[in-house]
Amino acid sequence: MSDKEELIKEKLEFSGLFDFKSFYKYAHSWLDDEGYGVTEKKYAEKLSGNSRDITVEWSISKEISDYFKIIMLFEFEVSELIDVEVEIDKKKKKMNKGKVTIEIKAALVKDPESKWETSPFLRLMRDFYNKYVIPGRLEAMRDKVIEDVKELKEQLKSFLELTGKRG
């Protein structure tokens with residue numbers, strides 16, 4: 001069994017004007033650009049009058065090497081989403097208004113394919129390897145996971161604030 005170390009959990013909340021379709025694409029393309037694979041585990045939409053509630057869950061992963069892998073769980077909920085028409089630069093544009101809650105959890109996985117799990121000796125060697133051979137590299141990988149999650153959160157926050165202010 002691979003060794004999974006939960007490292008960070010970030011939350012972002014936003015309420016106001018934004019373009020849901022563009023936001024969804026932006027989040028997905030940012031992850032693609034950074035080399036992450038994204039699998040949509042859940043997409044649920046519930047209608048209530050003229051508003052919608054949307055729940056999206058992504059499973060995200062990126063192999064750093066044959067020994068390290070970053071995994072994330074990205075959940076976002078959009079509530080009370082309504083379509084609105086706003087004027088931007090004297091042109092009418094369709095946007096959305098609602099509340100967005102995003103939660104990102106990330107972990108570093110060591111030995112994701114469990115190659116070092118085939119015997120007690122290899123497990124002992126893996127522990128020795130982690131503790132004495134690569135502690136600096138291990139810390140750098142932890143920092144990378146935390147840095148990527150914080151950067152993703154900041155990019156999404158900036159996107160929401162910029163599109164909200166233009167509306």
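Keep in mind that the numbers below use all heavy atoms, side chains included, and drop hydrogens, waters and symmetry copies. Quick caveat, the model's predicted, so the values are computed rather than measured.
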Just how far is it from atom [atom1] of [X] to atom [atom2] of [Y], taken to the nearest 0.5 Å?
X    : Y    : atom1 : atom2 : result
D127 : Y132 : CG    : OH    : 10.0 Å
D3   : L108 : CG    : CG    : 8.5 Å
K157 : L162 : NZ    : CG    : 12.0 Å
R126 : K131 : CZ    : NZ    : 14.0 Å
Q155 : L12  : CD    : CG    : 12.0 Å
T55  : K42  : OG1   : NZ    : 5.0 Å

Among pairs that include at least one residue of residues 12-22, which meet side-chain hydrogen bond (donor to acceptor under 3.5 Å, both in side chains), considering only residues two or more places apart or in two chains?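 Non-adjacent pairs meeting side-chain hydrogen bond (donor to acceptor under 3.5 Å, both in side chains): D19-S22.
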By salt bridge (Lys or Arg N to Asp or Glu O under 4.0 Å) - contacts of [X] (at least two apart):
X    : answer
D143 : none
E57  : K41
K92  : E85
K99  : E80

Could you check whether R142 pairs with E139 (Lys NZ or Arg NE/NH1/NH2 to Asp/Glu carboxylate O, under 4.0 Å)?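 Result for this pair is yes, salt bridge flagged.
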Between E6 and K4, does at least one N-O distance fall below 4.0 Å, as a salt bridge requires?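 So E6 pairs with K4 through a salt bridge.
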Connected via hydrophobic side-chain network under 4.5 Å: L138 and L124: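 Each belongs to a different hydrophobic cluster.
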Are F128 and I134 connected into the same hydrophobic cluster when the rule is that any two of I, L, V, M, F, W, Y join if their side-chain heavy atoms are below 4.5 Å apart?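 Yes; F128 is reachable from I134 via cluster members.
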Would you say that more than 12 heavy atoms from the other residues, nucleotides or ligands in this model lie under 6.0 Å from the NZ of K153, or not?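 Yes, the 6.0 Å shell around NZ holds more than 12 heavy atoms from other groups.
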Could you tell me which non-hydrogen atom of [X] sits nearest to which non-hydrogen atom of [Y], and how far apart they are?
X    : Y    : result
W58  : E40  : NE1-OE2, 3.1 Å
E34  : K62  : O-NZ, 2.7 Å
M141 : I64  : SD-CG2, 3.5 Å
K97  : V84  : CB-CG1, 4.2 Å
V145 : A106 : CG1-CB, 3.7 Å

State, with a plain yes or no, whether a side-chain heavy atom of [X] is found less than 4.5 Å away from one of [Y].
X    : Y    : result
I60  : L31  : yes
L156 : F14  : no
S65  : R137 : yes

Might you work through the side chain to side chain contact (heavy atoms under 4.5 Å, CB included) test for V78 and F18, ending with a clear yes or no? CA-CA 11 Å; V78 182; F18 66 102; 3.9 Å; yes
Only counting residues at least two apart or in another chain, list the ones meeting side-chain hydrogen bond (donor to acceptor under 3.5 Å, both in side chains) with [X].
X    : value
W116 : none
D83  : N96
K144 : D148
D32  : H28

List the atom pairs, with distances to 0.1 Å, where a side-chain N or O of residues 67-77 and a protein N or O form a donor-acceptor pair under 3.5 Å, not counting sequence neighbours.
unit_1 : atom_1 : unit_2 : atom_2 : d
Y67    : OH     : N130   : OD1    : 2.6
Y67    : OH     : N130   : ND2    : 3.2

What residue among Y26, Y24, W30 forms ring-ring contact (aromatic ring centres under 6.0 Å, His included) with F159?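 When Y26, Y24, W30 are each tested with F159, the ring-ring contact (aromatic ring centres under 6.0 Å, His included) holds only for Y26.
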The criterion is ring pair (Phe, Tyr, Trp, His ring centres under 6.0 Å); which residues satisfy it with F121, sequence neighbours excluded?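 If we apply the ring pair (Phe, Tyr, Trp, His ring centres under 6.0 Å) test to F121, skipping adjacent residues, there are no hits.
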Evaluate the criterion side chain to side chain contact (heavy atoms under 4.5 Å, CB included) for residue pair K9 and I104; output intermediate values, then yes/no. CA-CA 6 Å; K9 179 179 173 181; I104 308 166; over 6 Å; no
Indicate every side-chain donor-acceptor pair of residues 43-51 with a distance under 3.5 Å to a residue at least two apart or in another chain.
unit_1 : atom_1 : unit_2 : atom_2 : d
Y43    : OH     : E45    : OE1    : 3.0
E45    : OE2    : R52    : NH1    : 3.1
S51    : OG     : S48    : O      : 3.1

Using the side chain to side chain contact (heavy atoms under 4.5 Å, CB included) rule, take E10 and E103 through it: C-alpha gap first, then chi angles, then the decisive distance, then the call. CA-CA 6 Å; E10 287 284 324; E103 190 172 277; over 6 Å; no
